[in-house]
Amino acid sequence: QVQLVESGGHVVQPGRSLRLSCTAPGFTFSSYAMHWVRQAPGKGLEWLAVISSDAANDFYADSVKGRFSISRDNSKKTLYLQMNGLTTEDTAVYYCARSYSSRNWIDSWGQGTLITVSS
Amino acid sequence: EIGMTQSPATLSVSPGGRGTLSCRASQSVRSNLAWYQQKPGQAPRLLIYGASTRATGIPGRFSGSGSGTEFTLTISSLQSEDFAVYYCQQYHDWPLTFGGGTKVEIK
């Protein structure tokens with residue numbers, strides 16, 4: 001069974017930065033593209049970013065471009081999301097997820113980690 | 001950005017009944033469309049990809065159809081575990097985008 005485990009969920013003040021992590025112990029992490037998707041309380045899914053299996057390419061939603069940065073360390077089987085300049089609108093559950101290639105359907109999801117941006 | 005519109009927002013169906021969910025893209029996505037199911041407090045789960053291919057382990061009562069801009073997810077005989085929110089997602093172009101979701105509730 002595919003396992004994706006997010007961490008880094010926190011209550012953070014507006015304007016601050018935070019880095020999320022997602023570890024993927026149970027599959028060949030380096031063979032898959034990895035995504036971050038978020039869901040604000042009571043709202044739908046919002047795709048944020050993807051990074052290719054070899055980290056050579058990444059793509060972002062306009063809503064986070066320039067503020068968020070996705071990265072990965074294949075040797076550690078870990079995905080990251082660096083989030084800067086957080087606002088209250090970034091309050092959400094953040095999911096990491098995988099797909100066979102960057103522009104593809106998502107076949108597995110983590111359980112999510114909650115980020116609350118509040119003063 | 002390709003906009004994805006799902007309808008209806010809420011669908012009330014009796015157990016054993018048939019549910020038909022719609023997803024419309026603002027421009028053609030060919031067959032590059034997936035459907036996901038999400039239950040309260042859980043992560044989404046892949047149901048359908050390529051507009052009509054069921055993911056591994058998904059029961060045959062779930063079927064997807066359509067191409068271009070119009071897509072349909074049909075649940076042929078709703079079971080208690082099928083009452084959830086369903087999202088469509090296009091992966092034809094950047095950025096990837098989701099529809100707003102359809103909540104399937106018990107009638």
Side-chain angles (χ1 to χ4, degrees), chain A residues 1-7 9 20 22 24 27 32-52 57-68 70 79 92-114, chain B residues 1-10 21 23 25 29-58 62 64 66-67 71 73 84-104:
Chain A
Q1 179 147 344
V2 176
Q3 191 176 13
L4 295 166
V5 182
E6 300 95 339
S7 60
L20 303 182
C22 170
F27 63 95
Y32 291 85
M34 297 297 296
H35 303 253
W36 288 101
V37 177
R38 71 182 177 185
Q39 187 169 36
K43 303 297 185 182
L45 301 170
E46 180 186 15
W47 177 82
L48 298 179
V50 65
I51 187 167
S52 60
N57 297 289
D58 55 29
F59 298 90
Y60 295 89
D62 287 346
S63 59
V64 301
K65 196 177 297 183
R67 284 196 309 130
F68 290 10
I70 190 171
L79 174 73
V93 173
Y94 286 72
Y95 294 101
C96 71
R98 77 170 198 183
S99 62
Y100 289 108
S101 64
S102 293
R103 190 161 55 86
N104 216 324
W105 63 88
I106 290 172
D107 73 340
S108 295
W109 301 69
Q111 85 288 350
T113 189
L114 176 62
Chain B
E1 173 173 320
I2 299 176
M4 306 300 293
T5 303
Q6 291 187 242
S7 61
T10 303
L21 290 67
C23 175
V29 299
R30 297 191 180 181
S31 294
N32 297 313
L33 185 107
W35 289 94
Y36 303 88
Q37 175 194 67
Q38 187 180 33
K39 298 179 182 179
Q42 296 186 16
R45 177 176 72 145
L46 176 67
L47 296 177
I48 300 283
Y49 61 90
S52 61
T53 302
R54 277 190 301 277
T56 302
I58 300 305
F62 291 92
S67 66
F71 300 89
L73 175 69
V85 180
Y86 294 82
Y87 295 94
C88 61
Q89 178 226 346
Q90 67 81 19
Y91 50 92
H92 181 71
D93 199 5
W94 304 109
L96 307 187
T97 46
F98 289 92
T102 291
K103 181 179 181 181
V104 178

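None of these values were measured; they are calculated from a predicted model. Throughout, a chain's letter reflects where its sequence line sits, starting with A, and its residues are numbered from 1.
- Using modelled atom types, one side-chain atom of B:Tyr36 and one backbone atom of A:Ile106 make a donor-acceptor pair closer than 3.5 Å.
- Per-residue heavy-atom pair counts under 4.5 Å with chain A were compared for B:Gly101, B:Pro95, B:Gly99, and the maximum is reached by B:Pro95.
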Item to check | Stepwise side-chain contact (heavy atoms from CB on, under 4.5 Å) test for A:Gln39 and B:Phe98 | outcome: CA-CA 11 Å; A:Gln39 187 169 36; B:Phe98 289 92; over 6 Å; no
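- For A:Val37, the part lying near chain B is the side chain, with the backbone staying farther off; criterion is any non-hydrogen pair under 4.5 Å.
- Chain B forms the most heavy-atom pairs under 4.5 Å with one residue out of A:Trp109, A:Tyr95, A:Tyr60, and that residue is A:Trp109.
- With a 4.5 angstrom heavy-atom cutoff, B:Ala34 touches chain A only via side-chain atoms.
- In terms of heavy atoms, A:His35 sits closest to B:Leu96 at CE1-CD1, 3.6 Å.
- The parts of A:Ser102 that come within reach of chain B are both its backbone and its side chain, each placing non-hydrogen atoms under 4.5 angstrom from that chain.
- The line from CG of B:Leu47 to CH2 of A:Trp105 is 14.0 Å long, rounded to the nearest 0.5 Å.
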Next on the checklist: Could you go through B:Tyr49 and A:Asp107, starting from their C-alpha distance and side-chain angles, then the distance that decides it, and tell me whether this counts as side-chain contact (heavy atoms from CB on, under 4.5 Å)?
Outcome noted: CA-CA 9 Å; B:Tyr49 61 90; A:Asp107 73 340; over 6 Å; no
Next on the checklist: Please evaluate residues B:Gln89 and A:Leu45 with respect to the criterion side-chain contact (heavy atoms from CB on, under 4.5 Å), reporting the C-alpha separation (whole Å), side-chain torsions for both, the decisive distance (0.1 Å), and the verdict.
Outcome noted: CA-CA 9 Å; B:Gln89 178 226 346; A:Leu45 301 170; over 6 Å; no
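- For B:Gln42, the part sitting under 4.5 Å from any heavy atom of chain A is the backbone (N, CA, C, O) and nothing else.
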